[in-house]
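No hydrogens, no waters, no symmetry mates; every other heavy atom, side chains included, goes into these values.
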Amino acid sequence: MVSLTSDMSPLHPDRNLALELVRATEAASIRAVPFIGRGDKEAADGAAVDAMRAFFSTVNFDGTIVIGEGEKDNAPMLFNGERVGSGRGPRCDVAVDPIDGTSLTAAGRQNALSVIAVSDHGTMLDASSVFYMDKLVTGPAGVGVVDIRLPIGENIRLLAKSLGKPVDEIVVSVLNRPRHEKLIAEIREAGAGTRLMSDGDVAGGINAARHNARTDMCVGIGGSPEGIVTACAIKALGGHIQGVLAPRDDEEKQKGIDAGLKVGGEVYEADDLVRGKNTIFVATGVTDGQLVQGVRREGDFVYTESVVLRGASGTLRRISSEHLTSKWL
């Protein structure tokens with residue numbers, strides 16, 4: 001029997017909450033559309049933040065933002081520690097990224113998403129004091145097989161064997177950054193191909209973990225908040241994720257120590273990033289990408305595509321929605 005609160009709402013995030021949260025990511029994506037390709041990522045992010053926050057107030061849950069926008073992007077709303085939702089219903093940890101890929105949006109490039117991740121209260125790692133994390137993500141074939149402590153070439157060979165495919169068919173996603181020049185060279189030396197991402201490593205990680213995806217692995221240093229968000233999705237996909245926090249300097253390392261984080265090269269496993277399987281991940285496309293299509297407007301309608309992943313049931317659902325343009329003008 002499911003335990004209920006006094007207002008008859010489940011104590012834990014459930015499928016109904018997942019579908020309600022999609023409205024918030026849809027709103028954020030739609031509001032960002034006028035800024036696609038306009039070169040102003042702050043304006044795009046601000047519009048998405050405002051829209052997401054407004055819809056949060058209509059959702060029956062008691063959420064605390066563990067991973068927000070404030071400290072990382074100097075956004076005016078949705079900051080770490082903020083309470084969101086109606087205050088009724090399940091208590092949840094919440095991670096938000098109204099636009100994962102603000103630079104992609106500003107440039108009119110692919111793979112920008114609006115993202116929300118939710119888990120039971122007290123289960124989500126607060127890694128906000130250290131902004132970057134080295135990550136390794138694969139699909140189910142990598143579970144118990146690859147390890148972030150191993151050289152990348154060895155991980156590629158191990159994954160190829162587990163997948164039953166030659167090394168030269170393995171494709172690895174990496175953020176295209178100067179810090180990854182050596183890593184990219186090592187991947188290619190091992191015989192694998194690379195898919196270089198200009199931004200948006202949440203989508204990169206999820207695509208690497210999906211069945212029959214075009215990529216097999218996602219590696220490299222990206223945002224630590226994005227690592228926690230990705231972990232919520234990986235729980236539903238049955239994939240593998242590990243992370244190692246990567247402080248930028250001694251001051252940030254000390255902040256991590258003060259916050260009780262492991263900053264000496266120790267590995268965070270999936271259950272360290274977010275405990276348990278009761279996770280929800282929702283994302284709506286802002287621009288087109290491998291995971292979902294972006295927002296498009298045709299006459300009197302606006303079309304959005306979203307994905308909903310639930311760790312408890314191990315499901316990925318796609319939601320295609322039509323919105324009357326008149327309601328958004």
Side-chain angles (χ1 to χ4, degrees), residues 12-13 18 21 25 63-68 72 80 92-97 100 113-149 155 173 175 197 200-211 213 215 217-246 256 259-263 266-283 291 307-316:
H12 304 286
L21 292 174
T25 56
T64 300
I65 293 183
V66 176
I67 297 170
K72 186 165 188 280
N80 293 8
C92 304
D93 286 353
V94 183
V96 298
D97 201 343
D100 177 47
L113 303 170
S114 179
V115 173
I116 299 171
V118 170
S119 64
D120 287 326
H121 179 67
T123 60
M124 197 177 286
L125 178 69
D126 180 0
S128 58
S129 57
V130 179
F131 288 164
Y132 291 102
M133 178 186 289
D134 193 7
K135 287 163 278 192
L136 169 62
V137 183
T138 74
V143 176
V145 174
V146 299
D147 193 300
I148 198 170
R149 287 163 285 217
N155 277 326
S173 293
L175 281 171
M197 304 178 293
D201 58 335
V202 171
I206 294 172
N207 283 326
R210 289 172 55 216
H211 177 64
T215 54
M217 183 186 297
C218 184
V219 297
I221 296 173
S224 55
E226 286 81 355
I228 312 303
V229 171
T230 303
C232 288
I234 299 306
K235 294 270 183 165
L237 296 169
H240 169 91
I241 182 168
Q242 291 174 305
V244 176
L245 291 174
L261 298 173
K262 298 183 289 187
V263 293
E266 300 93 337
V267 175
Y268 281 93
E269 304 290 346
D271 280 335
D272 299 319
L273 299 173
V274 56
R275 297 195 305 276
K277 295 185 178 297
N278 200 28
T279 61
I280 295 171
F281 172 93
V282 300
L291 186 61
V307 290
V308 177
L309 294 91
R310 290 188 64 233
S313 57
T315 54
L316 184 156

Measuring only between side-chain heavy atoms, which start at C-beta, is [X] closer than 4.5 Å to [Y]?
{"X": "V202", "Y": "D97", "answer": "no"}
{"X": "V137", "Y": "D201", "answer": "no"}
{"X": "H211", "Y": "L316", "answer": "no"}

Can you name the residues that form a side chain to side chain donor-acceptor pair (under 3.5 Å) with [X], not counting sequence neighbours?
{"X": "S114", "answer": "none"}
{"X": "D100", "answer": "none"}
{"X": "R210", "answer": "N207"}

Nearest non-hydrogen partners of [X] and [Y], listed with the distance:
{"X": "A236", "Y": "L309", "value": "CB-CB, 3.6 Å"}
{"X": "A203", "Y": "L113", "value": "CB-CD1, 3.8 Å"}
{"X": "T25", "Y": "A283", "value": "OG1-C, 4.4 Å"}
{"X": "G238", "Y": "V143", "value": "O-CG2, 3.7 Å"}
{"X": "G256", "Y": "V263", "value": "CA-CG1, 4.1 Å"}
{"X": "I280", "Y": "A18", "value": "CG2-CB, 3.7 Å"}

Salt bridge (Lys or Arg N to Asp or Glu O under 4.0 Å) partners for D147, two or more places apart: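 Only R149 meet the salt bridge (Lys or Arg N to Asp or Glu O under 4.0 Å) criterion with D147.
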Contacts of type salt bridge (Lys or Arg N to Asp or Glu O under 4.0 Å), residue D93, not counting sequence neighbours: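 Salt bridge (Lys or Arg N to Asp or Glu O under 4.0 Å) check on D93 returns nothing, list empty.
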Residues, nucleotides or ligands: over 12 heavy atoms within 6.0 Å of K262 NZ: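 Buried by this count: over 12 neighbours within 6.0 Å.
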To the nearest 0.5 Å, what is the distance between [atom1] ([X]) and [atom2] ([Y])?
{"X": "D126", "Y": "S224", "atom1": "CG", "atom2": "OG", "value": "9.0 Å"}
{"X": "I241", "Y": "D272", "atom1": "CD1", "atom2": "CG", "value": "11.5 Å"}
{"X": "S119", "Y": "L273", "atom1": "OG", "atom2": "CG", "value": "11.0 Å"}
{"X": "L21", "Y": "C92", "atom1": "CG", "atom2": "SG", "value": "8.0 Å"}
{"X": "I116", "Y": "C232", "atom1": "CD1", "atom2": "SG", "value": "12.0 Å"}
{"X": "T64", "Y": "N80", "atom1": "OG1", "atom2": "CG", "value": "11.0 Å"}

Output yes when a side-chain donor or acceptor of [X] lies under 3.5 Å from a complementary backbone atom of [Y], and no otherwise.
{"X": "R275", "Y": "G122", "value": "yes"}
{"X": "K135", "Y": "G223", "value": "yes"}
{"X": "Q242", "Y": "I148", "value": "yes"}

Partners passing side-chain contact (heavy atoms from CB on, under 4.5 Å) against K235 (at least two apart in sequence or in another chain): A270, D271, V274, T279
